[in-house]
Asker: 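Let me begin by handing over the structure; questions about it come next.
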Amino acid sequence: MIAVQHFGSISGGKDSQAVLCRMVERIERKGLAAFGNRAPRFLSADNGHENPITLDHIAYLDDWLRQRVGLRIEIVSANDVPGLTDEAAFARKRAMLREEWSKEKRRTRHKGTCNQRRNAWRAGKITRAEWAAQCDCPVMVSPSVPEHLIERALKLLHPTGIPFLDVAMLHGRFPSTRVRFCTSDTKLIPLMHRKRPLLDAGVSVIDWIGERADESLARARKKPIQSVRYLSGARNILYRPIFRWSAADAFAISARHGLRHNPLYTMGMSRVGCSTCIMVRKRELRQWAMRFPAEVARVREWEQLVGLVSRRTAALGTPASLLAAATVPGDPADHGRATIDRAIDWSRTGRGGRNYDLFLAQEQRDADEHGLRCDSEYGLCE
């Protein structure tokens, strides 16, 4: 009989909670025989950027799981993975920074038809020399960084113990909508760190994943079941049991089991994994800023710190930006980036982002006087 270990990933959101319910139902209906006679394991990746309410909710789910079937949720972290966010990783970054910041940096910003010719070169249709000969794109030149700024960055480049912040410092920037190392470095890699020894030993792994097709076009393109084979002969199977479900279906199964949903869903949040997510919506950002000023202050401090260890922002004397240019309109003179304070100001404007919305201003006054009301895009408010 092939050895198989089932895993469930718990984020504190509605979809992973729905998958948790499905797995518990299967245990109660068929017993451990439905899981290859091995108790399924439940993992939650703590990246240090969650809202405390989400962490409390995961603890609530852990208690429910323990009482229901006698299992627990294991907490994993990037700090568990050797060489990812530890002192060795920062030592490599310090050595690289000293060398790179001391030199002039040149970067060509390819645009328009030049990008098309580059794609043709990558596709093997033309040679690199042919592409380069026709390239007349502007070259950005960054002078070497002053020694005192290098020394300041080197003193700051040490682990903080907060995975999300440490990863941003090591990359010299925050993640973006196109380069989402927040997901890979602080969640996927730590989760795989727990699974890899089993795969290497020939034990196949089945991951129960809370992803739904109607969340985005990218997720809709995925398959309900995918499989990857390892050299040991084991397979890592990605199973999406709620792939065809709606958000209402996800909330319904939790209600059927008497489980509370994450309270953030009634506080205007559509995403509850990070506080706040780089993919945050305008209205959601405004609600987050009004409800969680302490979280705003934390992000502001992080932007200052990451700004000091990023070549571009350290030289300019400006903070880094948590929110990507694709999410929040920023300053064109600063590559479209906007710091958290500027982003929050933008979230209080009307459509177009030019003028402050009087209704939104009244919303803030009402919140100051009477407190914030229930707000849910999923219809959870009575």
Side-chain angles (χ1 to χ4, degrees), residues 78 81 83-84 89 92-93 95-97 99-145 167-192 196 199 207 209 211 213 215-231 235-238 240 277-279 306 309-313 315 320-338:
V81 184
L84 187 56
R92 293 194 301 270
K93 175 65 177 180
M96 183 174 64
L97 183 143
E99 180 180 355
E100 290 187 352
W101 286 24
S102 300
K103 301 176 182 177
E104 180 183 81
K105 182 179 180 181
R106 291 175 172 267
R107 179 187 174 192
T108 304
R109 294 183 65 87
H110 299 289
K111 298 181 179 180
T113 57
C114 188
N115 274 328
Q116 296 175 8
R117 289 193 294 270
R118 178 169 59 175
N119 291 337
W121 160 61
R122 288 174 173 171
K125 297 178 180 179
I126 63 174
T127 66
R128 181 183 179 88
E130 289 174 326
W131 164 51
Q134 299 179 64
C135 176
D136 58 355
C137 297
V139 177
M140 296 180 61
V141 180
S142 299
S144 60
V145 180
V167 166
M169 292 174 67
L170 288 168
H171 282 268
R173 54 171 290 188
F174 286 105
S176 68
T177 53
R178 296 184 64 181
V179 187
R180 296 175 63 180
F181 54 79
C182 49
T183 300
S184 60
D185 290 11
T186 69
K187 292 185 179 293
L188 298 181
I189 292 177
L191 291 169
M192 180 52 72
R196 192 60 188 257
L199 291 165
D207 283 320
I209 304 173
E211 292 182 338
E215 290 182 278
S216 66
L217 289 175
R219 291 198 170 178
R221 296 189 187 101
K222 295 182 178 181
K223 298 178 180 179
I225 299 177
Q226 293 175 284
S227 178
V228 178
R229 189 177 185 88
Y230 281 75
L231 293 176
R235 287 188 176 275
N236 186 13
I237 299 172
L238 307 182
R240 301 179 174 91
C277 177
I278 62 170
M279 309 284 284
V306 174
V309 297
S310 168
R311 176 173 182 149
R312 182 186 62 83
T313 51
S321 172
L322 171 70
L323 300 180
T327 304
V328 180
D331 184 354
D334 190 22
H335 303 284
R337 296 175 175 88

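Hydrogens, waters and symmetry mates play no part in the numbers below; they use all other heavy atoms, side chains included. Note that this is a predicted model, so its numbers are computed, not measured. All residue numbers in this chain count up from 1 along the given sequence.
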Asker: If you take all heavy atoms of Pro175 and Phe181, which pair is closest and at what distance?
Answerer: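 Reported closest heavy-atom pair: N-CZ, 3.3 Å.
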Asker: Using a 4.5 Å cut-off on heavy atoms from C-beta on, say whether the side chain of Lys222 contacts that of Leu238.
Answerer: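 Answer no - side chains too far apart.
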Asker: Do Arg117 and Glu130 have side-chain heavy atoms sitting under 4.5 Å apart?
Answerer: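 Contact flag for Arg117/Glu130 side chains = no.
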Asker: Looking at CG of Asn236 and CG of Asp207, how far apart are the two atoms once the value is rounded to the nearest 0.5 Å?
Answerer: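 With rounding to 0.5 Å, CG (Asn236) is 5.0 Å from CG (Asp207).
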Asker: Answer yes or no: is there a side-chain heavy-atom contact under 4.5 Å between His110 and Cys135?
Answerer: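 Yes; the side chains approach each other to less than 4.5 Å.
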Asker: Distance from Arg173 atom CZ to Thr313 atom OG1, nearest 0.5 Å?
Answerer: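 Answer for the CZ-OG1 pair, Arg173 versus Thr313, is 11.5 Å.
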Asker: Any cation-pi pair here, Arg128 with Trp121, using under 6.0 Å and within 45°?
Answerer: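 Yes; both conditions hold, so Arg128 lies above the ring face of Trp121.
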Asker: For residues 179-189, pull every pair meeting side-chain hydrogen bond (donor to acceptor under 3.5 Å, both in side chains), keeping only residues two or more places apart or in separate chains.
Answerer: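 Residue pairs passing side-chain hydrogen bond (donor to acceptor under 3.5 Å, both in side chains), neighbours aside: His171-Asp185.
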Asker: Under the salt bridge (charged side-chain N to carboxylate O under 4.0 Å, His left out) rule, collect the residues that match up with Arg106, sequence neighbours excluded.
Answerer: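 Once residues adjacent in sequence are excluded, the partners of Arg106 under the salt bridge (charged side-chain N to carboxylate O under 4.0 Å, His left out) criterion are Glu104.
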Asker: For a quick test of reading the model, state the closest non-hydrogen atom pair linking Leu322 to Ile278 and the distance between them.
Answerer: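 Looking at all heavy atoms of both residues, the shortest contact is O-CG2, 3.5 Å.
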Asker: Does the side chain of Met192 reach to within under 4.5 Å of the side chain of Leu199, using non-hydrogen atoms?
Answerer: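 Answer yes - side chains close enough.
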Asker: For Ala89 versus Leu84, what's the shortest heavy-atom pair and its separation?
Answerer: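 It is CB-O, 3.6 Å.
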Asker: What pair of heavy atoms forms the shortest contact from Pro190 to Val81, and how long is it?
Answerer: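 In terms of heavy atoms, the two residues are closest at CA-CG2, 3.9 Å.
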Asker: With the threshold set at 4.0 Å, does a side-chain nitrogen-carboxylate oxygen contact exist between Glu100 and Arg311?
Answerer: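 Looking at Glu100 and Arg311, the cut-off is not met.
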Asker: In Å and rounded to the nearest 0.5 Å, what is the CD to CD1 distance from Gln226 to Ile209?
Answerer: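 The CD atom of Gln226 sits 8.0 Å away from the CD1 atom of Ile209.
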Asker: Counting only N and O atoms by type, is there a donor-acceptor contact under 3.5 Å from the side chain of Ser321 to the main-chain atoms of Leu323?
Answerer: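 Yes: the side chain of Ser321 pairs with the backbone of Leu323.
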Asker: Between Met96 and Lys93, is any pair of side-chain heavy atoms under 4.5 Å apart?
Answerer: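 In contact.
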Asker: Kindly give the heavy-atom pair with the smallest separation between Trp101 and Ser310, and that separation in Å.
Answerer: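 Where Trp101 meets Ser310 most closely, the heavy atoms are CZ2-C, 3.5 Å.
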Asker: Rounded to the nearest 0.5 Å, how far apart are CD1 of Ile237 and CZ of Arg229?
Answerer: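 If I round to the nearest 0.5 Å, the distance is 10.5 Å.
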Asker: Not counting sequence neighbours, which residues clear side-chain hydrogen bond (donor to acceptor under 3.5 Å, both in side chains) with Arg196? List them please.
Answerer: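 Scan of Arg196 (side-chain hydrogen bond (donor to acceptor under 3.5 Å, both in side chains), adjacent residues dropped) gives Asp200.
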